[in-house]
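One is the number of the first residue; the rest follow in order along the sequence. Both counts, for ligands and for their atoms, begin at 1 and track the order of listing.
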Amino acid sequence: MIDKKYTILNYGCQMNESDSEHFAGQLSDLGYSLTNDYHNADVVVVNTCCVRESAEKKILGKIGELKGVKTSHPGQIICVAGCMAQKGGDKLVKKYPQIDLLIGTAQVNNFKAILLDFLADKRQKVYDDVSIKETEFEGQCIRKSSFAAWIPIMYGCNNFCTYCIVPYVRGRERSRSKESIKKEIERAVADGFKEFTLLGQNVNSYGKDQGNRHSFAELLKECNDIPGVERIRYMTSHPRDMSEEVVKVVSECKNICENFHIPAQSGSNRILKAMNRGYTRDKYLELVDSIKKYCPEAAITTDIIVGFPGETEEDFQDTLSLMREVQFDAAYTFIYSKRSGTPAAGYEEQIPLDVKKERLNRLMEVQNENSLAKNKLLIGKKLEVLAEGPSQSNSEIWTGRTRTNKLVLWPVMGKEYTIGQSVNIEITSAQTWLLKGKAES
Ligand code: SAH
Ligand code: SF4
Ligand code: F3S
């Protein structure tokens, strides 16, 4: 065994978090142990995101900083993985010679072999083939949480929304086999995990690359039935592909959480079309209605982009009115960021930054009102919460999440809780971002 250390700097979405857990598993297999201090690490993996320019800038700053760190730690191996690695290829390693290995998004589970190869010949290399088959991987990963597990069910995206870089850096849709997914969940249950989030860029098209249209609904049902599973979540859903069948399955299966994350992106038909989203405002609202009909207690959340090229004040007003009409529980709101290589980057009528910022502020104001109003409706209710641990600022207060994914805080009042424990909490007050309550005695 070698006495060597690794660290992983993770950026981006849940898929990257999952990939980082797979890097950690392979590093541990090779005898490396974790350090949180990258100054002392023998292997540093920077797992990158390029969905918006702001993410990319921050990460490039970090890669720049690692040059100095490596000078004072000769022999340190710097691996840049993830979506920027896939996008940047040779250019990135030329500009940043401190990078030893560039590992594309389909190479995650080849990492062990890649690192061994590097240790043998110490030559800088780029691995950015996205066409390889990684879908049946069953190697070990080291999960960050002790009770909630990410479970990738498919890789890539075929949608090509005109603003989005993801299909270019994650490749075409590839579904993992149901057997492999279920085996991973069963193993994690045996290790004490209770909550499982099925991951993919567009989970509703799971199985379509294998010719099965109903596959996601079937997968949900089968995961719901695995003994020991307490909660199933999934992300992300595409409103165009989310069928009423899936909504019904969620309402019927007791372990599937009543939380629908359905990114609307805009409330204007004109902008939805320019974004290539494949649905209209009315179709989106039909989906919301069917969720409200079959799962009245469900939380509905969304993603919105403001300032897409050509977005007029009228288009933006359509988005505001959609927010007011649906009353989302929460919304992730973004300023449109130009991504070179995507169609929208070449569109005329790019919106000035000050207009985008001003729209974002107005949007957040409406959403904050909605979030607070929705949370206040829960005062007096008893909700099942999975405990996540003491709050950072006060060990006498514990935190956890409801099935609808809302953050709840409660005082321990002399009781002992364990991470992952299911606790019934009566909600006593509500804020925009969280609920407070007391545990049932
Ligand atoms: N596959 C998922 C996640 C995509 S990235 C989905 O389709 O929802 C997460 C969010 O980032 C998107 O929903 C979108 O709102 C936002 N996003 C993607 N590209 C963007 C861009 N160029 N500028 C601003 N926000 C963007
Ligand atoms: Fe991007 Fe659209 Fe694919 Fe989501 S569905 S990853 S927004 S292209
Ligand atoms: Fe970012 Fe790649 Fe995820 S671009 S959002 S890390 S798929």
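Salt-bridge formation is detected for the pair Glu311/Arg359: a Lys NZ or Arg NE/NH1/NH2 atom is positioned less than 4.0 Å from an Asp or Glu carboxylate oxygen. Between Lys208 and Glu173 there is no salt bridge, since no side-chain N of the basic residue sits under 4.0 Å from a carboxylate O of the acidic one. Taking a cutoff of 4.0 Å between a charged side-chain nitrogen and a carboxylate oxygen, Glu186 and Lys182 do not qualify as a salt bridge. The pair Lys70-Asp100 meets the salt-bridge criterion, since a charged nitrogen lies less than 4.0 angstrom from a carboxylate oxygen. Here Glu56 pairs with Arg339 in a salt bridge; the nearest charged N to carboxylate O distance falls below 4.0 Å.
Every atom of ligand 1 is numbered from 1 in the order shown, and the set under 4.0 Å from a heavy atom of Ile335 is 23 (N), 24 (C). In the vicinity of Gln201, heavy-atom distances shorter than 4.0 Å reach the ligand 3 atoms 7 (S). Listed by number with element, the atoms of ligand 1 under 4.0 angstrom from any heavy atom of Ile305 are 14 (C), 15 (O), 17 (N), 25 (N), 26 (C). Heavy-atom contacts of Arg339 reach the following atoms of ligand 1: 22 (N) (cutoff under 4.0 Å). Per-residue contacts place Arg52 under 4.0 angstrom from the following atoms of ligand 1 (heavy atoms of the residue considered): 11 (O), 16 (C), 17 (N), 23 (N), 24 (C), 25 (N), 26 (C). Taking every non-hydrogen atom of Asp303 and a distance limit under 4.0 Å, the qualifying atoms of ligand 1 come out as 9 (C), 10 (C), 12 (C), 13 (O), 15 (O). For ligand 1, the atoms closer than 4.0 angstrom to any heavy atom of Tyr336 are 23 (N), 24 (C).
In terms of modelled atom types and a separation under 3.5 Å, the side chain of Asn204 and the main chain of His238 share a donor-acceptor contact.
Remark: distances from the non-hydrogen atoms of Asn202 to ligand 1 are all 4.0 Å or more. Not a single heavy atom of His238 lies less than 4.0 angstrom from ligand 1. Remark: distances from the non-hydrogen atoms of Gln14 to ligand 3 are all 4.0 Å or more. Look at Val51 and you'll find a heavy atom under 4.0 Å from some atom of ligand 1. Contact between Arg170 and ligand 2 is absent, with no heavy atom of the residue lying under 4.0 Å from the ligand.
For the pair Arg176 and Tyr155, the cation does not sit on the ring face, since its NZ or CZ is not both under 6.0 Å from the ring centre and inside 45° of the axis.
At a heavy-atom distance under 4.0 Å, only side-chain atoms of Phe334, from C-beta outward, approach ligand 1. Contacts of Lys338 with ligand 1, taken as heavy-atom pairs under 4.0 Å, are absent altogether. Contacts of Arg277 with ligand 2, taken as heavy-atom pairs under 4.0 Å, involve the side chain alone. Counting heavy atoms under 4.0 Å from ligand 1, residue Ser337 touches it through both backbone and side chain.
In plain terms, the two heavy atoms of Thr432 and Asn368 that are nearest each other are CG2-O, 3.7 Å.
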Candidate pair Glu297 and Lys406, rule salt bridge (charged side-chain N to carboxylate O under 4.0 Å, His left out), full reasoning:
CA-CA 13 Å; Glu297 305 284 304; Lys406 297 196 187 237; over 6 Å; no
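When the shell of 6.0 Å around NZ of Lys144 is examined, it contains 12 or fewer heavy atoms from other residues, nucleotides or ligands. In Lys273, the NZ atom is not crowded: 12 or fewer heavy atoms of neighbouring residues, nucleotides or ligands sit closer than 6.0 Å. For Glu313, the CD atom counts as densely surrounded, since its 6.0 Å shell holds more than 12 non-hydrogen atoms of other residues, nucleotides or ligands.
In this model, a donor atom of one side chain and an acceptor atom of the other lie less than 3.5 Å apart for Asn159 and Arg240.
Aromatic pair Tyr234/Phe196: ring centres not closer than 6.0 Å.
The nearest protein atom to atom 7 (S) of ligand 2, hydrogens excluded, is given as Tyr163 OH, 3.4 Å; this is a heavy-atom distance.
Gln350 meets the side-chain contact (heavy atoms from CB on, under 4.5 Å) test with Pro309, Tyr336, Lys338, Tyr347; sequence neighbours excluded. Arg401 meets the side-chain hydrogen bond (donor to acceptor under 3.5 Å, both in side chains) test with no other residue; sequence neighbours excluded.
Sorted by chain and number, the protein atoms of type N, O or S within less than 2.8 Å of atom 1 (Fe) of ligand 3 are Cys49 SG. By the criterion of a separation under 2.8 Å, the protein N/O/S atoms near atom 3 (Fe) of ligand 2 amount to Cys157 SG.
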